[in-house]
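Since the structure comes first, as structure tokens, the remarks are kept for the end.
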Amino acid sequence: MDSENVAEDFWLFGYGSLIWKPPPYYDKRLPGYITGYVRRFWQASEDHRGTPAFPGRVVTLVEQSYWESLGDTQGSTGSEQVWGAAYHIVPSKVEEVKDYLDIREINGYSVQYTTFYAAHPVSKQIRCLVYIGMPDNPQFLGALHPQDVAERINQSVGPSGENREYLLQLEESLKDLSTESGDVHISDLARRVRSMEPREGRPYGSQDLNPHKISSTEEQEEIEKGS
Ligand code: BEZ
């Protein structure tokens, strides 16, 4: 596809917060799925649902072949559909929306293009842009244990709000897309988080007591020591 066509017919696939928080200037939204990826809460969020001192956890897509090398036993076979929503952006606003998304979402994500399969009409296939947390980006954390992810999500908060709310909102939004759009990884994490006491009502930023950058394991130990 040449650059002129891309500009005239720009579709963006959302598999995270874009499902319930659409981009500006879209004129069509289609529920559907992509294949060849596995959705996981393996991306650190320092700028939306956490802070540099206490990063939250948000979703990314892991390419299936790479995911198979990671020994993740959680739920998925990796061969299924990743459900979300595709947005068609008004042609005159494509550059503005790309700039907006770069500001809103780009922390650690790279751009890829993939085929989107619309739920209705079933035969419709669209080339979509999608943001992926590539394994070599510093925010990509690799295979994490679901209980560690759930505990972190339950504790984190950032400029966009509580990490817990992001997870539960994602679970709800997925249910609205289709009867087939559930995701075992997401519903398992949501079940774990719902069984925990929500974090105390400390305002955003109050966890930033220790400004030096530390590893996830150290971060976890610090929470445990402090609780
Ligand atoms: C999303 O689908 O909401 C999304 C995921 C990663 C980066 C940007 C957007």
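Read the numbers this way: they start at 1 and go in the same order the structure lists the ligands and their atoms. Note that the coordinates shown come from a computational prediction; the quantities given were computed from them, not determined experimentally.
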May I ask you to check whether [X] and [Y] show a side-chain donor-acceptor distance below 3.5 Å?
X: Asp72; Y: Trp67; answer: yes
X: Arg127; Y: Tyr113; answer: no
X: Glu63; Y: Tyr37; answer: no

Checking heavy atoms under 4.0 Å, the part of Tyr15 that sits near ligand 1 is both
Report, in ascending order of atom number, the atoms of ligand 1 lying under 4.0 Å from any heavy atom of [X].
X: Tyr109; answer: 6 (C), 7 (C)
X: Gly14; answer: 2 (O)
X: Tyr131; answer: 6 (C), 7 (C), 8 (C)

Going by ring pair (Phe, Tyr, Trp, His ring centres under 6.0 Å), name the pairs with one or both residues in residues 146-172, residues two or more places apart or in two chains. Trp20-Tyr166, Phe41-Tyr166
Does any N or O of ligand 1 fall below 3.5 Å from an N or O anywhere on [X], backbone included?
X: Ser17; answer: yes
X: Val59; answer: no
X: Gly16; answer: yes

Those residues at least two apart in sequence (or on a different chain) that pass side-chain contact (heavy atoms from CB on, under 4.5 Å) with Glu197 are none
Between Arg192 and Asp188, is there a salt bridge with N-O shorter than 4.0 Å? yes
